[in-house]
Amino acid sequence: MDMLSLPTVLIVDDDRTSRTVLADLLYGECRVLLAKDGPSALQRVREEPEICLLLLDIAMPGMDGYEVLQALHANPRTAHVAVIFISGLNDARSEEQGLLLGAVDYVVKPIRPAIARIRIRNHLRLIAQRKELERLASRDGLTGIANRRSFDESLQVVCQLAARRKESLGLSMIDVDFFKQYNDLYGHPAGDDALRRIAQVVASFARRPYDLAARYGGEEFVLLLPGVPDLDHLLERLRTDVMALGLPNAGSDVASVVTISIGAVHISAGGRHDPALLLEQADAMLYQAKHQGRNRVVSGAYASTSRF
Ligand SMILES: [Mg+2]
């Protein structure tokens, strides 16, 4: 069974037996994580962006389930996580309060396993459908890879993950050389086709779950790669792979075929960084690559203060 393709659900209950019963119930349906109180549940959700659903007890010492839900929804980064209350509070008032606060469902303990499983499964299906819609909205219409909006949203998350996992991180900005000339010479349909083919090459370098290739705008792409030990080597291969497409460009001053310039910034493992500054520095590297004659990779280490 491929656990990575299953949705991730966090069970939050102070009672060990309740946690076990629910975990057994969901065996094979999803990847299950456990928390025994509110604060540790909130921390887990912040650390694991894969968590899409909380099965949340209400009566817990310290922080109750209502408070956990409110804290979850108060944070824009965790507000999308769905909550099903699983509670021993078997009265209309508690249920009403839970649903009013924004829970998607309310299941009374002791649970009826077969029914609880179906209800949870239905919610997971709705969550998957919503995710698919979001995925479609995050695609660039021309090239089919991620769009700018999606990149902007992911940058912060990937930066935080890399810092937490003490991984290195590389951000590259990629620009097609002499693309205006290409469009003028061969026409916009050919230009669109070139962008699609280049996008596929760029995307082929983003294979792991947190890698991200996106169209940044016009003829510009971005590539965000955590944990790549030799970024420059990889980017050099990207540059030559694009040349190997063999798209003739008689409008280019540097080659007979379409080429790209790449500006990259890398952060060493465990380094701290500001996503906006990272983007600014990658852009400055790209400018240098253009300035130094195009069809090349220019990269540098991230600097914690702005150079401008
Ligand atoms: Mg309890």
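In listed order, ligands and their atoms are each counted from 1.
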Following the transitive rule for hydrophobic clusters with a side-chain heavy-atom cut-off under 4.5 Å over Ile, Leu, Val, Met, Phe, Trp and Tyr, establish whether Tyr186 and Leu245 coincide in one cluster.
-> yes

The Mg ion (ligand 1) has as its nearest N, O or S atom from Asp57 the atom OD2

Examine distances only and state if a side-chain atom of Arg164 and a backbone atom of Glu47 form a donor-acceptor pair shorter than 3.5 Å.
-> yes

Is the distance between the Mg ion (ligand 1) and the nearest N/O/S atom of Gly88 smaller than 2.8 Å?
-> no

Passing candidate, side chain to side chain contact (heavy atoms under 4.5 Å, CB included) with Lys109, options Leu22, Val21, Asp13 | Asp13

Looking at Asp14, which of its N, O or S atoms is the nearest one to the Mg ion (ligand 1)?
-> OD1

Name the one of Leu223, Ile174, Asp175, Asp152 that satisfies side chain to side chain contact (heavy atoms under 4.5 Å, CB included) with Tyr216?
-> Asp152

